[in-house]
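The residues of the chain are indexed from 1 along the displayed sequence.
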Amino acid sequence: MKSVYKITLLFGITILVSSCHNNAEPNYQYFPNMYESVGYETYSESNAFKDGKEGQLPAEGTINRGFEPFEYENSTAGYELAKANLKSPLDSLSRDSDKGKELFEIYCTSCHGASGNGKGKLVEREKFLGVPSYADRVITEGSIFHVITYGLNSMGSHANQLSAHERWLVTDYVLKLKSEL
């Protein structure tokens, strides 16, 4: 009979202890900042940095991961240098005319037209005027790549939409269109 009381008492204590545990509130943590970091607002004031701001500029000379630097500056002189000296790094195996055509149709056809004659939908609707035909211009691989990268006149830069490889594919396709005009 004593063993029944002992088992009942043990069972009761087990239920009592297990019922006191709350899964919604975890146990005590040692150094809780290691588990739950303090969130800082980007433009708030902070004593952690010399200038007193949370948001800091990147260190001098750093570049974004995956970014490929372009040696030619965004100026007329840079355009002329690229036009004269810049050559496509694509070899015969990496030139993909179908992909270049697809990218051209997405980003260029609305202004330059499907054949590169400067008569795209936006030009026909007079949203942009003066878009040149490829047949009217002396263009090279370097000049096309420079213009796609930095933009020229009303045309904006497409460097954020197209990787360097994709810009070279579009350049290759534009030269193909120029040869057909």
Side-chain angles (χ1 to χ4, degrees), residues 37 39-44 46 48-49 51 53-181:
S37 63
Y40 294 103
E41 293 294 324
T42 305
Y43 298 108
S44 65
S46 171
F49 300 104
D51 61 359
K53 294 186 299 187
E54 266 314 312
Q56 298 292 303
L57 294 173
E60 184 84 22
T62 59
I63 59 172
N64 293 337
R65 180 176 287 158
F67 178 77
E68 298 174 20
F70 187 52
E71 300 88 32
Y72 299 93
E73 63 183 24
N74 185 11
S75 66
T76 306
Y79 172 78
E80 293 300 329
L81 277 173
K83 186 175 187 178
N85 301 326
L86 187 60
K87 300 294 179 205
S88 174
L90 301 178
D91 59 1
S92 61
L93 297 176
S94 59
R95 291 182 192 263
D96 186 0
S97 183
D98 293 335
K99 182 68 174 172
K101 179 181 180 183
E102 179 184 334
L103 293 168
F104 181 85
E105 288 173 350
I106 292 170
Y107 295 104
C108 311
T109 302
S110 58
C111 294
H112 292 278
S115 63
N117 60 1
K119 304 265 188 262
K121 287 286 184 194
L122 293 176
V123 174
E124 289 174 356
R125 295 179 184 165
E126 297 181 358
K127 301 292 182 187
F128 290 106
L129 298 175
V131 176
S133 171
Y134 296 143
D136 299 340
R137 299 282 174 144
V138 177
I139 55 176
T140 64
E141 290 176 321
S143 66
I144 297 167
F145 188 82
H146 189 276
V147 169
I148 295 172
T149 302
Y150 290 123
L152 184 66
N153 299 332
S154 295
M155 180 179 158
S157 169
H158 285 72
N160 288 333
Q161 292 88 6
L162 298 168
S163 67
H165 178 73
E166 290 172 333
R167 283 180 270 155
W168 282 116
L169 291 175
V170 171
T171 299
D172 190 46
Y173 187 72
V174 167
L175 288 175
K176 180 181 176 234
L177 287 178
K178 180 176 173 54
S179 68
E180 293 171 357
L181 287 176

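Put simply, the side chain of Tyr107 does not reach to within 4.5 Å of the side chain of Val170, judged on heavy atoms. Counting heavy atoms from C-beta outward, Met155 and Cys111 have side chains that stay 4.5 Å or more apart. The shortest distance between side-chain heavy atoms of Glu102 and Leu169 does not fall below 4.5 Å. Thr171 is not listed as a side-chain neighbour of Ser88, based on a closest heavy-atom distance of 4.5 Å or more. Contact annotation: the side chain of Tyr134 approaches that of His112 to within less than 4.5 Å [non-hydrogen atoms, C-beta and beyond]. A 4.5 Å side-chain heavy-atom check between His165 and Lys99 finds every atom pair outside the cut-off.
Taking NZ of Lys178 as the reference point, atom OG1 of Thr140 lies at 10.5 Å (rounded to 0.5 Å). Taken to the nearest 0.5 Å, the CH2 atom of Trp168 stands 9.0 Å off from the CD1 atom of Ile144.
Considering all non-hydrogen atoms of both residues, Thr149 and Arg167 come closest at OG1-NH1, 2.8 Å. Contact between Ala77 and Glu73 at its shortest, heavy atoms only, is CB-OE2, 4.4 Å. Between Glu166 and Leu103, the shortest heavy-atom distance links the atoms CB-CD1, 3.6 Å.
Screening residues 72-92 for ring-ring contact (aromatic ring centres under 6.0 Å, His included), with sequence neighbours left out, gives Phe70-Tyr72, Tyr79-His146.
Partners of Ser92 by side chain to side chain donor-acceptor pair (under 3.5 Å), not counting sequence neighbours: none found. Scored by the side chain to side chain donor-acceptor pair (under 3.5 Å) test, Gln56 finds Asp51 as partners (sequence neighbours excluded).
Atom CD1 of Ile63 sits in a crowded spot, with more than 12 heavy atoms from other residues, nucleotides or ligands closer than 6.0 Å.
Panel note: side chain Thr109, backbone Phe104; a donor-acceptor pair is recorded below 3.5 Å.
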